[in-house]
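Convention: sequence-line order gives letters A, B, ...; per-chain numbering from 1. What you see below is based on every heavy atom in this structure, not just the backbone, and it leaves out hydrogens, waters and symmetry mates. If you're wondering where the values come from, they're calculated on a predicted model, not measured in any experiment.
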Number of protein chains: 2
Amino acid sequence: MRADAQALKGHLDVLLLATLNDGPQHGYAIKEALRDGSGGRFDLPTGTVYPALHRLERAGLISGSWSVVDGRRRRSYQLTAEGHKKLAGERANWREFATAVTTLLEPGPWPTAT
Amino acid sequence: MRADAQALKGHLDVLLLATLNDGPQHGYAIKEALRDGSGGRFDLPTGTVYPALHRLERAGLISGSWSVVDGRRRRSYQLTAEGHKKLAGERANWREFATAVTTLLEPGPWPTAT
DNA sequence: CACCCATAGCTAGGATTACTACCTATCCGC
DNA sequence: GCGGATAGGTAGTAATCCTAGCTATGGGTG
């Protein structure tokens, strides 16, 4: 398992939604967008991406449609209205979460001096 | 379950280590430090904190010792040398992770306006 | 033609981990 | 005596990411 395998937990959905915010994409393209957009850090296996997309679709946050390109079938997804709302909320949520963690990670105020 | 129940996954350990970096603490005090230091955001149940501390102790990152204060037994933990190293690595890891996520969450370069 | 790789999609099961719910015990205030 | 805060703990559940495997097409190579 990757070193930060658990690190993504709970944050993958917002990354997928954010990627789709740049326009409709199919799963494989989303996977590549995350890899390239993160400098290779989020090179997710398909077994992570596809189930997550299904989860988002079941939740009504994205909607998918089949098409065929070069003889290969594709499922393209786009954000629903609910997905847009969710993305906005999750973005704010991430900011707060990241701020809280970063603050706690700062070396504490040592009670030595003074 | 809390809204961001999964958000902490993989990040709790570094928070515990960082709290102990400010000096030895017992579990209950750590729990309060995280709550207060996060503006109430990380108000973790004891069923989250204690098992996590046991995990870190098993991993050799912290070491605990029993004491009795006011008739109540306490288990105080402090970072081991390995724990210090782990904390440094995890802090760097968090910075990279947070940067990657934040970058991906930034509104994409819209091809509309200029 | 046979074969492999990249593209594109999918699933079952395992592993990890935070949470819920519950328990024990002491001290203090009412 | 009783409840609440302090202090510690466990068992079992839920969520979700990963591993490993599968199907299928098109293009390139031997």
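Distance A:Ile30 CD1 to C:dA8 C1': 12 Å, rounded to the nearest Å. Taking atom CG of residue A:Leu53 and atom P of nucleotide C:dA8, one finds them 14 Å apart after rounding to whole Å. Note: CG (A:Leu8) to C1' (C:dT17) measures 15 Å, nearest angstrom. The distance from atom CD of B:Glu32 to atom C1' of D:dT6 is 8 Å, rounded to the nearest whole Å. For the pair A:Phe42 CZ and D:dC18 P, the interatomic distance rounds to 10 Å; values are reported in whole Å. Atom P of nucleotide D:dG9 and atom OH of B:Tyr50 are separated by 7 Å, given to the nearest angstrom. Taking atom CG of A:Leu15 as the reference point, atom C1' of D:dT16 lies 14 Å away to the nearest angstrom. Taking atom CD of residue A:Gln25 and atom P of nucleotide C:dT7, one finds them 15 Å apart after rounding to whole Å.
Summary of helix geometry: the two end axes of the helix from C:dC1-D:dG30 to C:dC30-D:dG1, each defined by five base pairs via their C1' atoms, are inclined to each other by 10° (rounded to 10°).
The salt bridge (Lys or Arg N to Asp or Glu O under 4.0 Å) analysis of residues 29-38 of chain A, with sequence neighbours excluded, yields the pairs A:Lys31-A:Asp43, A:Glu32-A:Arg35, A:Arg35-A:Asp43.
By the side chain to side chain contact (heavy atoms under 4.5 Å, CB included) test, A:Ala33 is found to be paired with A:Thr19, residues two or more places apart in sequence or in another chain being considered.
The shortest distance between side-chain heavy atoms of B:Trp94 and A:Thr102 falls below 4.5 Å. Within the 4.5 Å cutoff, no side-chain heavy atoms of B:Thr48 are placed close to those of B:Leu8. B:Phe42 places a side-chain heavy atom less than 4.5 Å from the side chain of A:Val101.
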Using side-chain contact (heavy atoms from CB on, under 4.5 Å), reason through B:Leu16 and B:Arg55 one step at a time and then give a plain yes or no.
CA-CA 11 Å; B:Leu16 295 175; B:Arg55 197 172 50 212; 5.8 Å; no
Under the side-chain contact (heavy atoms from CB on, under 4.5 Å) rule, what do B:His84 and B:Asn21 come out as? Steps first, then yes or no, please.
CA-CA 8 Å; B:His84 277 288; B:Asn21 193 46; 3.4 Å; yes
Determine whether A:Leu20 and A:Leu56 satisfy the following criterion, side-chain contact (heavy atoms from CB on, under 4.5 Å), listing intermediate values before the conclusion.
CA-CA 12 Å; A:Leu20 285 175; A:Leu56 292 175; 5.9 Å; no
Yes or no on side-chain contact (heavy atoms from CB on, under 4.5 Å) for B:Leu61 and B:Leu79, after CA distance, side-chain angles and deciding distance?
CA-CA 6 Å; B:Leu61 301 175; B:Leu79 291 181; 6.0 Å; no
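Using the six-membered ring where Trp is involved, B:Phe97 and B:His11 have ring planes that are tilted, between 30° and 60° apart.
Between the base of C:dT16 and the side chain of A:Lys9 there is a donor-acceptor pair shorter than 3.5 Å.
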With a 3.5 Å cut-off and sequence neighbours excluded, list the donor-acceptor pairs that the side chains of residues 68-76 of chain A form with protein atoms.
residue	atom	partner	partner atom	Å
A:Arg75	NH2	A:Glu57	OE2	2.8
A:Arg75	NH2	A:Gly64	O	3.4

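Residues from residues 54-67 of chain B with heavy atoms under 4.0 angstrom of DNA chain C, sorted by number: B:Arg55. Near DNA chain C, defined here as any heavy-atom distance below 4.0 Å, the residues from residues 70-80 of chain B are B:Asp70, B:Gly71, B:Arg72, listed numerically.
When each of B:Thr46 and A:Asp13 is assigned the nucleotide of DNA chain D with its nearest heavy atom, B:Thr46 is the one assigned upstream, toward the 5' end.
Across all strands, A:Gly47 comes closer than 4.0 Å to base atoms (heavy-atom distances).
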